[in-house]
Amino acid sequence: MPRFNFWNVKSIAMKKILEDFSHEKGLHCDTSSLRDVFAHAGYGFPEPFFFGIGEGIGFYYRDGKDGKPPVASGRTGVLEIDQRACRLLGCDLKISTSASPRRAQETLASMLAEGRPVMLHADQYYLKYLRSSSHFGAYSLVVAGIDDEAGTAHIADHMRDSLLEIPLAELAEARASAHRPFPTRHRWFRFDIPSEINIDGKLVMGAIGRNTMEMLNAPVRNCGVGGIYYLANCMYRWEEKYSKKELDDACKILYNAIAGPGTGGSCFRYLYADFLSYAAKNLGLDSLAETADGYSRVGTMWSQAAKVLAEVPCGCSALTEAADILQIIAAREHELQVSLMTAANLCCRRR
């Protein structure tokens, strides 16, 4: 891919830094960005809250085939958390893309001039501070300011405690990436956040119930709780299926899906446990407290599975050990999801 020349598209000279913008280090790029945007509008919802009401917990596994490596994820699809969370909160969300770098830059400048922080997608490969060797075009950031004279952008990244200052050209190149997965296409998000948001426990339980239906009744075998069982069964055959290098690569891919940056170190399970705990304590949903503790324990089990996978290439652990742990995880998650479905049904009947 040719180098991107930001200076050919820059058209609005300005310096705008949102002075009242606050940022906190987070666990996941999507939910951390949502927290920052809503905090700027005056709402102090914690990051796990957005993951939960965005119906974010999930599982997907595609086995390696025809020379292609396996793929795994512990959350629902790209854009789904943002769309679902905003729908529940009564926030109008418009997600836009453009083939024009000039239009993307002009829109960024105009939204900042309106006093709006701008959530957008970037390819992590081109963000030099991340030092990533792989492309991923759905990496969420929030831009809190730009300074054309200095040639810099002020961005909020979930992996940092405070705002970062990076070259505008670097940000523009990351936004223009056409690489898969998830080509960025200069994607940006415009939020029309209402002046008043009332969180109703019934609405939250509805989100939990819908998420549970996806986990328990996935239409294909490689998704949801069934997908965890499917992964475990596939792993028992990995040593027969893959060469030594392919096996090492598969273990690395799965490790990153479970414990890599942005997962909370537990395939997102700690993040979901924190959401359930928050809902139990703050929304009068006491029935969720026990399940929150259960998901915290499951998160620990996912972390154990990741640790075993990291030791397989060097021969310190057996692949079957990791597969056995995943079988136990699948059974436990099934129990927890059934418990959540029961709580959601009871809540709807009472109300």
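- Side-chain atoms of Glu80 do not come within 3.5 Å of backbone N or O of Gly56 as any donor-acceptor pair.
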Side chain to side chain donor-acceptor pair (under 3.5 Å) between Asn222 and Tyr229, worked out: CA-CA 8 Å; Asn222 62 325; Tyr229 280 116; over 6 Å; no

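- The closest side-chain heavy-atom distance from Asp157 to Tyr129 is below 4.5 Å.
- Residue Val37 is not grouped with residue Ile17 when hydrophobic side chains (ILVMFWY) are merged at heavy-atom distances under 4.5 angstrom, including chains of intermediate members.
- With respect to Glu214 and Arg210, no salt bridge is recorded, no charged nitrogen being found less than 4.0 Å from a carboxylate O.
- For the pair Asp147 (side chain) and Ala150 (backbone), a donor-acceptor distance under 3.5 Å is present.
- The backbone N or O of Ala207 lies less than 3.5 Å from no partner atom in the side chain of Asn211, so there is not a single donor-acceptor pair.
- With hydrophobic clusters built from ILVMFWY side chains whose heavy atoms lie under 4.5 angstrom apart, Tyr236 does not share a cluster with Leu231.
- Put simply, the side chain of Tyr270 gets close to the backbone of Thr300: a donor and an acceptor are under 3.5 Å apart.
- Side-chain atoms of Glu47 come within 3.5 Å of backbone N or O of His28 as a donor-acceptor pair.
- Residues Cys223 and Ala218 come closest through the heavy atom pair O-CB, 3.5 Å.
- Aromatic ring centres of Tyr125 and Phe136: separated by at least 6.0 Å.
- Classified by interplanar angle (parallel below 30°, tilted 30° to 60°, perpendicular above 60°), the ring pair Phe49/Phe275 is tilted.
- Using a distance-only test at 3.5 Å, with no hydrogens or angles considered, a donor-acceptor pair links the side chain of Arg269 to the main chain of Gly74.
- Between Ile81 and Glu55 the shortest side-chain heavy-atom distance does not fall below 4.5 Å.
- At most 12 non-hydrogen atoms from other residues, nucleotides or ligands lie less than 6.0 angstrom from NZ of Lys281.
- Annotation: Glu19, atom CD; neighbour count of heavy atoms from other residues, nucleotides and ligands within 6.0 Å does not exceed 12.
- Counting heavy atoms from C-beta outward, Glu24 and Ser32 have side chains that stay 4.5 Å or more apart.
- Atoms CG and CG, from Asp82 and Leu34 in turn, are 5.0 Å apart once rounded to the nearest 0.5 Å.
- Side chains of Met301 and Leu326 form no contact here, defined as non-hydrogen atoms less than 4.5 Å apart.
- Rounding to the nearest 0.5 Å places CD of Glu321 at 9.5 Å from CG of Leu309.
- Between the CZ atom in Arg84 and the OG1 atom in Thr76 there is a gap of 5.0 Å [rounded to 0.5 Å].
- Taking the side chain as every heavy atom from C-beta outward, Leu288 and Leu285 approach each other to under 4.5 Å.
- Arg35 has its side chain within reach of Phe50: a pair of non-hydrogen atoms, C-beta onward, lies under 4.5 Å apart.
- In terms of heavy atoms, Ala273 sits closest to Ser296 at CB-N, 3.6 Å.
- Side-chain contact check for Pro194 versus Ile197: some heavy-atom pair is nearer than 4.5 Å.
- For the atom pair CD1 of Ile199 and CG of Leu283, the computed distance is 7.0 Å after rounding to the nearest 0.5 Å.
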Could you walk me through whether Tyr242 and Asp249 pass side chain to side chain donor-acceptor pair (under 3.5 Å), step by step? CA-CA 10 Å; Tyr242 294 133; Asp249 290 343; over 6 Å; no

Does the pair Asp192 and Arg116 meet the rule for a salt bridge (charged side-chain N to carboxylate O under 4.0 Å, His left out), with working shown? CA-CA 10 Å; Asp192 287 326; Arg116 295 174 180 266; 3.1 Å; yes

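- Taking the six-membered ring where the residue is Trp, the centroids of Phe59 and Trp302 are separated by under 6.0 Å.
- Taking the six-membered ring where the residue is Trp, Phe45 and Phe38 present tilted rings, their angle falling between 30° and 60°.
- To the nearest 0.5 angstrom, Glu290 atom CD is 12.0 Å from Leu276 atom CG.
- Tested against His23, the residues Ile155, Leu164, Asp36 include a single side chain to side chain contact (heavy atoms under 4.5 Å, CB included) partner, Asp36.
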Could you walk me through whether Glu239 and Leu319 pass the side-chain contact (heavy atoms from CB on, under 4.5 Å) check? CA-CA 8 Å; Glu239 289 181 317; Leu319 190 60; 4.0 Å; yes

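- Only one option out of Lys252, Lys244, Lys245 pairs with Asp248 in a salt bridge (Lys or Arg N to Asp or Glu O under 4.0 Å); it is Lys244.
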side-chain contact (heavy atoms from CB on, under 4.5 Å), that's the test. Do Arg190 and Leu93 meet it? Break it down for me. CA-CA 6 Å; Arg190 179 184 288 270; Leu93 171 63; over 6 Å; no

Full working for side chain to side chain donor-acceptor pair (under 3.5 Å) between Asp293 and Tyr295: CA-CA 5 Å; Asp293 182 65; Tyr295 254 108; over 6 Å; no

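- Remark: the backbone N or O of Asp123 is not paired with any side-chain donor or acceptor of Ser177 at under 3.5 angstrom.
- For Thr184 (side chain) and Arg175 (main-chain N/O), a donor-acceptor pair under 3.5 Å exists by modelled atom type.
- With values rounded to the nearest 0.5 angstrom, Leu141 atom CG is found 8.0 Å from Cys29 atom SG.
- For CZ of Arg160, the number of neighbouring non-hydrogen atoms (other residues, nucleotides, ligands) closer than 6.0 Å is greater than 12.
- Residues Ile193 and Cys91 share a closest heavy-atom pair of CG1-SG, 3.8 Å.
- Under the 4.5 Å side-chain criterion, counting only non-hydrogen atoms from C-beta, His135 is not in contact with Arg180.
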Run His158 and Thr31 through side-chain contact (heavy atoms from CB on, under 4.5 Å) and show every step you take. CA-CA 9 Å; His158 77 285; Thr31 47; over 6 Å; no

Evaluate salt bridge (charged side-chain N to carboxylate O under 4.0 Å, His left out) for Arg75 paired with Asp30, printing each intermediate quantity in order. CA-CA 11 Å; Arg75 53 153 288 178; Asp30 253 2; 3.1 Å; yes

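- Between His179 and Tyr126, the ring planes lie tilted relative to each other; the angle falls in the 30° to 60° range.
- Judged by distance alone, the side chain of Ser303 and the main-chain N or O of Gly299 form a donor-acceptor pair under 3.5 Å.
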Tell me, with the steps shown, if Met341 and Met213 meet side-chain contact (heavy atoms from CB on, under 4.5 Å). CA-CA 8 Å; Met341 177 61 75; Met213 287 290 290; 3.2 Å; yes

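- For Arg332 and Glu335, the salt-bridge test passes: some basic side-chain N is under 4.0 Å from an acidic carboxylate O.
- Counting only distance, with no hydrogens or angles, the side chain of Thr263 and the backbone of Gly260 share a donor-acceptor pair below 3.5 Å.
- Between the side chains of Asp274 and Tyr272, no donor N or O sits under 3.5 Å from an acceptor N or O.
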